[in-house]
Amino acid sequence: MELQRPRGTRDFLPDEMAKRRYVENKLREAATRWGYGEIKTPTFEHIELFTLKSGEGILGEIYNFRDKGDREIALRPELTAPVVRMYVEELQRSPKPLKFFYFDNCFRYERPQKGRFREFFQFGVEIIGSARPESDAEVIALAVEMLNSAGVKGDLHVGHLGIVRALMKDLLPEHQSKIMRLVDKKDDKGLEEFLDELQAPDEMRGKLFRLIGLRGENAVHEARELVGEIDAMSQFEALLSLLDVYGLEYQVDLGIARGLDYYTGMVFEIYCEGLGAQNQVCGGGSYRLAALFGGEDTPSTGYAIGFDRIMEICEAKPAEIKRIVVVSFDDTRKEAIVIANKLRAHVSTYIDVMGRKFKDQISYANTIGASHVVIVGKNELDAGKVALKDMKTGEQVLVTVEEVAGRMSGEVLL
RNA sequence: GCCUGGGUGGGGUAGCUGGUUAUCCUAUGGGACUGUGGAUCCUACGACUCGGGUUCGAAUCCCGACCCGGGCCCCA
């Protein structure tokens with residue numbers, strides 16, 4: 001085989017596409033029901049958009065090229081930056097909040113493994129213009145709702161970066177950033193070394209380690225004891241009580257961090273079993289990116305679902321498409337085409353294009369799992385009718401084309 | 001970028017302590033059965049991932065590349 005697809009890319013065959021479309025539509029419906037509008041941004045952007053957001057360090061994982069006009073272009077590695085770019089470019093004066101969803105492919109130059117590809121698909125949601133716990137809670141609830149509608153159950157972990165940051169408020173911003181990165185990586189050893197280097201006070205050090213280790217039931221109380229009455233803390237508590245209102249099960253996890261500075265408040269992640277090393281199916285949080293892209297500072301909250309990962313584990317099964325085959329004889333082929341065209345308004349209809357004989361046409365119908373065969377022969381046509389044969393039972397009845405249409409419609413069409 | 005396992009027709013496989021024409025199943029095209037499917041038979045198609053090396057001789061042994069799986073790193 002000389003030609004093969006590039007590494008980390010995939011072909012999707014009809015059966016798999018049917019499943020993917022089915023799940024995609026479930027997610028799409030959920031987002032729509034919650035009042036979010038679909039958007040679409042370009043497949044490629046100026047590379048600065050992504051280096052601005054994530055730093056020069058990401059260049060190694062970006063598909064980029066110089067176009068004929070000598071512009072440095074990148075295939076998008078994610079969709080939050082393009083969405084915020086779009087907002088800053090044309091929507092800053094729109095009524096808030098703005099609620100968007102998207103589903104598209106992204107590209108990263110990474111080593112492929114289970115649940116990780118070089119071209120992959122993200123389904124995401126962003127709400128722009130609110131920094132309140134209400135929007136945070138809504139976004140989280142929608143994420144859970146989407147996954148549920150796709151038949152995926154996961155563990156929801158919720159944290160708040162403002163709490164950890166409050167503890168470090170006396171440190172230089174770049175030192176805070178470094179610490180957040182170490183926390184994000186769960187690199188306790190590196191964190192300790194860095195705190196040594198900073199000669200951080202023991203009190204803060206102790207609190208920091210306790211804070212990022214907090215999980216579950218009493219985490220909130222303990223956190224409050226550690227950091228006291230601060231805005232982030234009361235915001236977080238407000239958020240949690242709203243999550244209760246939504247009836248969500250969650251685990252407080254103050255060890256969730258983000259290595260990037262524009263994540264400011266709530267963060268959440270959803271994990272699933274059965275995915276190997278790539279067990280996170282959804283991640284999100286509140287952030288401030290608009291100012292970085294030259295707009296007014298605007299709070300946003302969003303998340304992205306790793307679509308390929310939920311496809312790995314979801315058990316949703318699309319309803320089988322009913323299909324019928326119109327079969328004919330050499331002297332009725334043209335009539336059969338006319339009849340097939342009528343039936344196509346009602347049901348997924350096949351007709352022979354291989355010049356096959358009558359018997360082989362039926363055999364083909366059997367092969368593709370057709371539920372019925374419509375036989376168009378001289379005898380039937382003389383009576384103004386066709387024969388409708390049930391491939392399961394073998395029963396056959398003489399009916400008009402309209403009756404066939406009537407019996408076959410009401411089924412799911414493509 | 002690192003570690004590890006693996007690549008034989010479209011799919012699944014045998015061969016792999018080197019030795020004729022690479023095995024079997026399945027799928028696919030054509031045909032037999034000529035107005036009724038799943039069966040059977042005939043026939044066609046079709047592979048040793050690629051490149052070096054060792055050898056009289058390599059699918060088989062060695063090296064490298066590529067690709068796939070699993071795990072690190074990373075994960076905006």
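To find a chain, count down the sequence lines: A is the first, B the second, and so on, and within it residues start at 1.
At a threshold of 4.0 angstrom between heavy atoms, the contacts of A:Y262 are confined to the sugar-phosphate backbone, with no base atom among them. Using a 4.0 Å heavy-atom criterion, one finds that A:G284 contacts no nucleic acid atom at all. Within 4.0 Å (heavy atoms only), A:E380 reaches at least one base atom of the nucleic acid. Across all strands, A:G394 comes closer than 4.0 Å to base atoms (heavy-atom distances). Using a 4.0 Å heavy-atom criterion, one finds that A:Q280 contacts no nucleic acid atom at all. A:T80 comes within contact range of no nucleotide atom at all, as no heavy-atom separation falls under 4.0 Å. Residue A:K114 is classed as a sugar-phosphate contact, given heavy-atom separations below 4.0 Å to backbone atoms only. Counting any heavy atom pair closer than 4.0 Å across all strands shown, A:Q361 reaches no nucleic acid atom. A:Y287 comes within contact range of no nucleotide atom at all, as no heavy-atom separation falls under 4.0 Å.
Rounded to whole Å, the distance from OH on A:Y364 to P on B:rA27 is 16 Å. Following rounding to the nearest Å, A:F329 (CZ) and B:rU34 (P) show an atom-to-atom distance of 12 Å. The interatomic distance linking A:I270 (CD1) with B:rC75 (P) rounds to 20 Å, in whole Å. If you take CD of A:Q113 and C1' of B:rC74, they are 10 Å apart, rounded to a whole angstrom. Rounded to an integer number of Å, the gap from A:K378 NZ to B:rU36 C1' is 18 Å. Distance A:R5 CZ to B:rC67 P: 12 Å, rounded to the nearest Å. Spacing between atom NE2 of A:H372 and atom P of B:rG38 amounts to 19 Å, rounded to whole angstrom units. Residue A:L13 contributes atom CG, which lies 11 Å from atom P of B:rG11 at whole-angstrom precision.
For A:K185, a side-chain nitrogen or oxygen approaches OP1 or OP2 of B:rC74 to under 4.0 Å. Distances shorter than 4.0 Å separate none of the side-chain N or O atoms of A:R108 from OP1 or OP2 on B:rA76. Checking the phosphate oxygens (OP1, OP2) of B:rA76, no side-chain nitrogen or oxygen of A:K53 falls inside 4.0 Å. OP1 or OP2 of B:rG30 has at least one side-chain nitrogen or oxygen of A:R356 nearer than 4.0 Å. A close approach under 4.0 Å does not occur between any side-chain nitrogen or oxygen of A:K357 and OP1 or OP2 of B:rG35.
Counting only heavy atoms from C-beta on, A:M354 has its side chain closest to B:rG29 among B:rG29, B:rC33, B:rG35. Checked against B:rA76, B:rC74, B:rU34, the side chain of A:R116 finds its nearest nucleotide in B:rC74. Residue A:S363 has its side chain nearest to B:rG37 when only B:rU28, B:rG37, B:rU36 are considered. Distance from the side chain of A:R7 is smallest for B:rC67 among the nucleotides B:rA76, B:rC67, B:rG71. Closest contact between the side chain of A:N379 and the listed nucleotides B:rG37, B:rA76, B:rG35 involves B:rG35. Residue A:D184 places its side chain closer to B:rA76 than to any other of B:rA76, B:rU36, B:rG70.
Residue whose closest nucleotide on RNA chain B sits further toward the 5' end, between A:G8 and A:T367: A:T367. Along RNA chain B, the nucleotide nearest A:G377 and the nucleotide nearest A:P112 are compared for position; the residue whose nucleotide lies closer to the 5' end is A:G377.
For A:R111, the side-chain contact (heavy atoms from CB on, under 4.5 Å) criterion is met by A:R7, not counting sequence neighbours.
For the residue pair A:S286 / A:D136, no side-chain donor-acceptor distance below 3.5 Å is found, with atom types taken as modelled. Between the side chains of A:S328 and A:E335, not a single donor N or O lies within less than 3.5 Å of an accepting N or O. Side chains of A:R76 and A:N105: a donor-acceptor N/O pair is present below 3.5 angstrom, by distance only. Looking only at atom types and distance, the side chain of A:N64 has a donor-acceptor partner in the side chain of A:E72 under 3.5 Å away. With no hydrogens or angles considered, no side-chain donor-acceptor pair links A:E119 and A:Y63 at under 3.5 Å.
For the pair A:R181 and A:F194, the cation-pi criterion (under 6.0 Å, within 45° of the ring axis) is not fulfilled.
Atom name P, nucleotides B:rG18 and B:rU26: the rounded distance is 33 Å, in whole Å. Straight-line distance between the C1' atoms of B:rG5 and B:rG46: roughly 29 Å, to the nearest whole Å. Atom P of B:rC48 sits at a distance of 9 Å from the matching atom of B:rG10, rounded to the whole Å. With both ends at atom P, the span from B:rA58 to B:rC73 equals 44 Å, rounded to whole Å. A distance of about 16 Å separates the P atoms of B:rC45 and B:rC24, rounded to the whole Å. Using P as the reference atom, B:rU49 and B:rU8 are 6 Å apart when rounded to the nearest Å. Comparing B:rA59 with B:rU13, their C1' atoms sit 14 Å apart, to the nearest whole Å. Between the C1' atoms of B:rG29 and B:rC66, the separation comes to 32 Å (whole Å).
Pair check for B:rG57 finds none; no Watson-Crick or G-U wobble contact set falls under 3.5 Å. Nucleotide B:rC75: unpaired (no Watson-Crick or G-U wobble partner with both distances less than 3.5 Å). B:rG38 makes up no base pair with any nucleotide shown, lacking Watson-Crick or G-U wobble contacts both under 3.5 Å.
A donor and an acceptor atom never sit less than 3.5 Å apart when one is taken from the side chain of A:D360 and the other from the base of B:rG37.
Counting heavy atoms of neighbouring residues, nucleotides and ligands inside a 6.0 Å radius, atom CZ of A:R210 does not exceed 12 of them.
Residues A:F123 and A:V23 form no side-chain contact, since every pair of their non-hydrogen atoms from C-beta on lies 4.5 Å or further apart.
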What string of B, S and - do you get for nucleotides 2-8 of chain B, 5' to 3', if B is base contact, S is sugar-phosphate-only contact and - is no contact with any protein heavy atom under 4.0 Å? BB-----
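Salt-bridge check for A:E296 with A:R93: passed, with a basic side-chain N closer than 4.0 Å to an acidic carboxylate O. Under a 4.0 Å N-O distance rule, the pair A:R20/A:E24 does not qualify as a salt bridge.
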